[in-house]
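Take a look at the structure below.
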Amino acid sequence: MVLLIGIDDTDSRQGRCTTHLVYRIVDFLISNGYEVEEYPFLARLNPNIPWKTRGNGAVCIKVKVDMESMEGEHVMQVVKEMVESNSMLGYGANPGIVFLGRCKSIEPIVRFASDALWRVMSIRGAIKVIEECKDDGCSIEYYAMGNGQGIVGALASIGLASSILDDYTFEVVAYRREEMCGLPRLVDEASVMMMDKATYPYTFNNYDYKHARVLITPHGPDPVLLGIRGDDPCILLDALSMIKVHEPLEGYMVFRSNQGTNAHLANMLDASNLKAYTSGYIQGRVASEPLAIEGGHTFFALECYGSNGYGNGEDGYGKGNVLCAVYEPTGLSPIAQALSIGDLLEVGGGVRKGTTKHPKVLNVEYIKVVDLARKVRYMNPLCICGKRLKSEGKGKGYGCKRCGYRVKDAEKVEVEVARDLRLGLYLPDAKAHRHLTKPLHRYSIKPGCMRLDIDWFNNNGFTC
Ligand code: ATP
């Protein structure tokens with residue numbers, strides 16, 4: 001039987017990483033002869049949850065165990081002990097583990113997971129789903145430490161790992177030796193650029209050429225040396241072998257994931273009732289000229305009607321004006337500044353809570369320009385000689401400085417202004433991408449297949 005193990009919230013900003021703990025658990029399972037069914041699933045959940053440590057990740061492992069013998073009990077016991085002894089309990093971590101064995105219907109867990117991608121879910125809600133599954137005959141157990149928040153992600157990771165996803169990606173994560181954690185990561189920048197060029201378009205977000213920045217290495221004291229994301233696990237292993245690393249490594253593991261798929265932005269938000277910390281998209285027309293403020297951030301209002309072809313408001317999504325915030329680091333400010341009243345847009349992002357100082361805003365993660373409004377200026381009419389006439393004063397008509405022609409009863413004429421913006425999808429710069437942001441080139445890529453006949457797990461302290 002397959003046992004699903006969901007784990008979340010084991011780390012803190014001071015150190016450790018849930019993916020590394022999962023790597024160690026997989027090491028234990030494989031070393032003890034257990035068959036791990038597929039690559040662990042790295043679920044990225046609603047990125048606008050305020051209490052996340054970094055990328056709101058949770059992981060699910062699927063392992064074959066004989067539940068008739070003591071195997072299941074043994075595995076669960078070891079996992080519990082490993083989570084307990086390898087978590088940053090007392091430093092902000094609130095670990096949660098969910099074990100799911102026999103299950104009649106995974107549907108309630110899948111639904112919970114798909115909500116956790118864009119909404120705020122409660123611990124009570126997660127426990128309710130678990131209890132309902134139990135009442136329905138599922139063998140499901142949970143363990144919560146700290147304040148229990150980790151249960152949400154642990155359950156959601158099982159739901160996403162069990163969902164039939166239209167889109168998914170892979171990531172190979174290489175881990176540092178313990179003694180190296182906290183020291184600068186010794187990864188050769190030129191080799192990252194070389195790998196990026198050699199593996200494009202099957203890997204993504206390796207290097208930010210605009211800002212000359214390596215994107216595959218994190219910056220904290222955690223044990224992740226680097227992570228390469230892409231659409232094909234075999235190409236990821238090739239990519240890893242191309243990176244020159246000047247430090248010894250503990251090992252690596254390949255994950256399947258919803259990273260790079262925009263899974264958090266799939267739902268339309270109700271503009272008439274925006275909820276803080278939710279993620280999604282809105283559609284409507286620009287209702288105010290963009291306002292650029294100090295620091296290069298830009299704000300504009302979008303008048304939303306609901307869905308249904310950019311809307312007639314008949315589908316339950318009320319009308320509403322939404323203030324959209326485009327922050328400088330996204331690189332999208334020039335696009336926002338080129339918008340004009342009446343432009344038809346779809347805008348994706350996360351809702352920032354309103355405070356007494358700041359209104360509730362949608363922090364923009366993409367802008368899709370669907371239609372451009374006609375923009376006009378009113379100018380003096382042209383003279384018969386081709387030069388533009390000059391006004392002779394209020395009510396006195398116009399005269400030509402070149403040929404002397406005069407006209408009394410002419411009026412200003414409408415002149416169309418060329419728009420400095422094209423229709424299409426605009427995404428943030430790579431350095432500002434969230435884990436879930438779908439890179440532009442991935443819109444035309446189909447996910448690759450999972451292969452267990454490759455070296456997807458390595459604990460040999462390999463060198464690159
Ligand atoms: P890392 O990426 O380093 O693993 P993290 O960013 O995933 O860290 P966590 O320390 O796991 O951050 O904290 C996120 C917490 O938020 C977890 O307890 C998780 O269960 C919870 N959580 C995740 N998604 C939601 C959601 N949609 N609603 C409520 N809580 C959530």
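Whatever order the structure lists them in is the order used to number ligands and atoms, beginning at 1. Excluded from the calculations below are hydrogen atoms, water molecules and symmetry mates; all remaining heavy atoms, backbone and side chain alike, are included.
With atom 27 (N) of ligand 1 as the reference point, the heavy atom nearest to it among Lys52, Gln149, Arg119, His435 is part of Arg119.
Around CD of Glu131, the count of heavy atoms belonging to other residues, nucleotides or ligands within 6.0 Å exceeds 12. Heavy atoms of other residues, nucleotides or ligands lying less than 6.0 angstrom from NZ of Lys128 number 12 at most.
Those atoms of ligand 1 that come under 4.0 Å of a heavy atom in Gly57, given as number and element, are 2 (O), 4 (O), 5 (P), 7 (O), 11 (O). Near Leu45, with a cut-off below 4.0 Å to any heavy atom, the atoms of ligand 1 are 23 (C), 24 (N). Of all atoms in ligand 1, numbered sequentially from 1 with element shown, those under 4.0 Å from a heavy atom of Arg44 are 2 (O). Contact atoms of ligand 1 toward Gly153: 19 (C), 20 (O) (distance under 4.0 Å to a heavy atom of the residue). Listed by number with element, the atoms of ligand 1 under 4.0 angstrom from any heavy atom of Ala116 are 27 (N).
Only the side chain of Asp8 comes within contact range of ligand 1, with a heavy atom under 4.0 Å; no backbone atom does.
In terms of polar-atom proximity, Val120 is not counted as a contact of ligand 1, lacking any N or O under 3.5 Å from an N or O of the ligand.
With Glu38 as reference, Arg256 is the one residue of Arg451, Arg256, Lys64 to meet the salt bridge (charged side-chain N to carboxylate O under 4.0 Å, His left out) rule.
In this structure, Lys353 forms no cation-pi arrangement with Tyr277, as its terminal cationic atom is not both closer than 6.0 Å to the ring centre and no more than 45° off the ring axis.
With hydrogens and angles disregarded, a donor-acceptor distance shorter than 3.5 Å links the side chain of Tyr23 to the backbone of Asn458.
For the ligand labelled ligand 1, residue Gly150 lies inside the 4.0 Å heavy-atom shell.
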